[in-house]
Amino acid sequence: MVVGIDLGSRTIKVAAVEGGRLVALQIAESGYDPHRQSLEMIKEYHPARIIATGYGRHLAKRHFADEVITEIKAHALGARHFFPECRTIVDVGGQDTKVIALDESGRVLNFQMNDKCAAGTGRFLEIMASSLGYGLSEFGAEALNGKGDVRISNMCTVFAESEVISLKNHGTLPADIARAVHLSVIERLIAMLARVGYGDTIVFTGGVAKNPAAVNLLQERLDIRILVPEPPDIVGALGAALHGEANSASGITSAGG
Amino acid sequence: MSPTQFEIKSYPDMWESLGMNVERFEKMRCVLGDVYQTTFLAQEDRPQRMDYFNWIISEIHGGRIREILDAKKEGRPVVGTFCVYVPEELVLAANGICIGLCGGSQGPVPDAEKTLPRNICPMVKSAYGFKVAKVCPYFQSVDFVYGETTCDAKKKTWELLNREVPTYVMEIPQMKRERDKTLWLEEVQDFKAQMENVTGKTITTEAVTGAIKTMNNKRKALQRLNRLQHHNPSPISGKDVLLIEQIAFYDDPVRFAEKVNLLCDELDERVKKGISVAPSTAPRVLISGTPMAMPNWKAHNLVEKAGGVVVNDESCIGTRYFKDLMDENMTDLDSQLRALTDRYMKIDCSCFTPNDDRVDQVLKEYSDSGAQGILHYSLQFCHTYNIEAIKIKEACEKEGIPFLAIESDYSPEDIGQMQTRIEAFLEQIKGLRK
Ligand code: SF4
Ligand code: SF4
């Protein structure tokens, strides 16, 4: 058995594979000590190899992982496992947003990642949800009821937050504001997609893909099919595990990527 | 050299006499020494003749400054420049010393931001900050600065810099038509007149010929290093080459060329014996874009830390500085000044429009160097390079060349993100090879 572990900024995801099949998975908050948390999560598997990916991959390599790969490669491998034809992946996680283009055999052709700010990430949605007094999942559900073309024009999280508050004070319906907030994330995503290029389906992964409003709006705006793996936030960990299995089978180990 | 005792030498009395902020500079010196240690000396299988360049770095704020101050005592002028469009030959012909003053460190950026807008290029902020905070011994030693009108950030900063140190400005046109050439020639003539003004001596044809030879030799040495860097497996790291390219802007040109050639002799040997700094399977990256002033080693460091190797620098610190040589056999000053104008006009900086020569040049260097991907590096808010990256990207797409564009500044904040992108880029290169 090979374990893939994705150490994200907010959560840690673990996927165990055997013979190319996902046999177990776990998702937990990173907490204060991601190193200890990771060990806790993987201890029951006794894996032959551990492949780390995500923001904390090098930390994992220093302490327990055999090899690291980047989130980009991990998502490419993981998404193809769910959808073997997939050519475009959109991943929106806690603090990172990425768009990945693959060739027909699944090799990475091109990718884009968001720059240092939180705009266009899960964190942005979270901040806006709390300033409107919603929990995160409530916020997505509420946005589905929203209508109209209220817009959030600021990209900067701080300014966007005050924009949201002033909309609220002007009596705009919370559902409409929620929709507008989601739309601003989606439009940023579409701009990244346009730079990378995309085909007629998109695989949407990461925590934000659990949010029905985000998925709907992306579908609505692009008018193409959006595929969401279940669960969407395991894709990176799964890809890492698949990489580990493929490489141990052929005896290749490539440290550092 | 033992990696345990590296230190950048301290010369507090000399710094004091240059009017520097010694206390602050002392701290910067220590930080730079530590970074140098971990970035350069910790590399494995480094060529032995990098020792000279280690020494230059250890004496960068002392020994070399002493040489410059001694030269000044003999009446030799010291000129600070910020751009490879300002003809160094004319400084040498006036028996002067030319120092590239670009700033590459985050340290003095907050000093600059007390005055300058925050959203301009970090190179300009860093350089200006070095001057106003009095933490650069080179800046304190120059007689005057010769700026240029390449980008907006620079040309408007010169107006402010002029209050701190005499700053002359050479008008660099933005296009390369005949009439622009006429203007440029006049500017080159003015620069010569300015050099004659400060020394009180006329510049002779012989002096220019000598200077052309000196600069040709220096550029040939760098070309030779560049060709050796192209060898697979690499006999020298891209980081070390970058360091040498940066030192080219401070060091004495004759000694520098000699030392680079000695290093190249060793690299020739290494190639013969098959000694390398990275396996032949390491992903080979060409870095293209804005120049990287000392000590901006961020991108090279990340590429090589992730197991790649930088095999070519298409920037003003790299090939744009040394790719063009000059005729050494001209017999009159007039042809020399014309030839200088022509030579400098060949530099393909993004401040020009159109600048399609650069796209062709990048592709040419890509194939010459045996690179496997192009990393376009642009400093934040450098509009000309950032926008021109689009054309390079399109050319890469057409040719099927893996391409990654990065926009960064000198702060350490984005290192994590850059590392992820660069590692993913190397994975992409390896993946496409299979
Ligand atoms: S990039 Fe352009 S402006 Fe900057 S040094 Fe080079 S030629 Fe001059
Ligand atoms: S890097 Fe760009 S913005 Fe900065 S000084 Fe050079 S041309 Fe100007």
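Heavy atoms only: backbone and side chains are in, while hydrogens, waters and symmetry mates are out. Within every chain, numbering begins at 1; the chains are lettered A, B, ... in the order of the sequence lines, protein sequences first and strands thereafter.
- Between A:D96 and B:Q417 the shortest side-chain heavy-atom distance falls below 4.5 Å.
- There is no contact between A:I100 and chain B, counting heavy-atom distances below 4.5 Å.
- With a 4.5 angstrom heavy-atom cutoff, A:N110 touches chain B via backbone and side-chain atoms both.
- Between the OH atom in A:Y55 and the CD atom in B:Q419 there is a gap of 11.0 Å [rounded to 0.5 Å].
- Residues A:I72 and B:F425 are not in side-chain contact: their nearest non-hydrogen atoms beyond the backbone lie 4.5 Å or more apart.
- How far CE of A:M113 is from CD1 of B:I406: 10.0 Å, rounded to the nearest 0.5 Å.
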Practice problem: Please lay out, stage by stage, how A:H58 and B:E423 fare under the test side chain to side chain donor-acceptor pair (under 3.5 Å). | Solution: CA-CA 12 Å; A:H58 290 292; B:E423 286 178 12; 2.7 Å; yes

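- Atom CZ of residue A:R107 and atom CZ of residue B:R433 lie 12.0 Å apart, to the nearest 0.5 angstrom.
- Separation of atoms CD (B:Q428) and NZ (A:K73) is listed at 11.0 Å; rounding is to 0.5 Å.
- Heavy atoms closer than 4.5 Å to chain A are found in the side chain of B:K393, but not in its backbone.
- Within a 6.0 Å sphere centred on CZ of A:F159, other residues, nucleotides and ligands contribute 12 heavy atoms or fewer.
- Residue A:E85 places its CD atom among 12 or fewer non-hydrogen atoms of other residues, nucleotides or ligands, all under 6.0 Å distant.
- Within a 6.0 Å radius of CG in B:N119, more than 12 heavy atoms belonging to other residues, nucleotides or ligands are found.
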Quiz item: Should A:V108 and B:E427 be marked as a side chain to side chain contact (heavy atoms under 4.5 Å, CB included) after you check the CA-CA gap, both sets of side-chain angles, and the distance that decides it?
Solution: CA-CA 8 Å; A:V108 175; B:E427 284 172 350; over 6 Å; no

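- Closest heavy-atom contact between A:T70 and B:T420: CG2-O, 3.8 Å.
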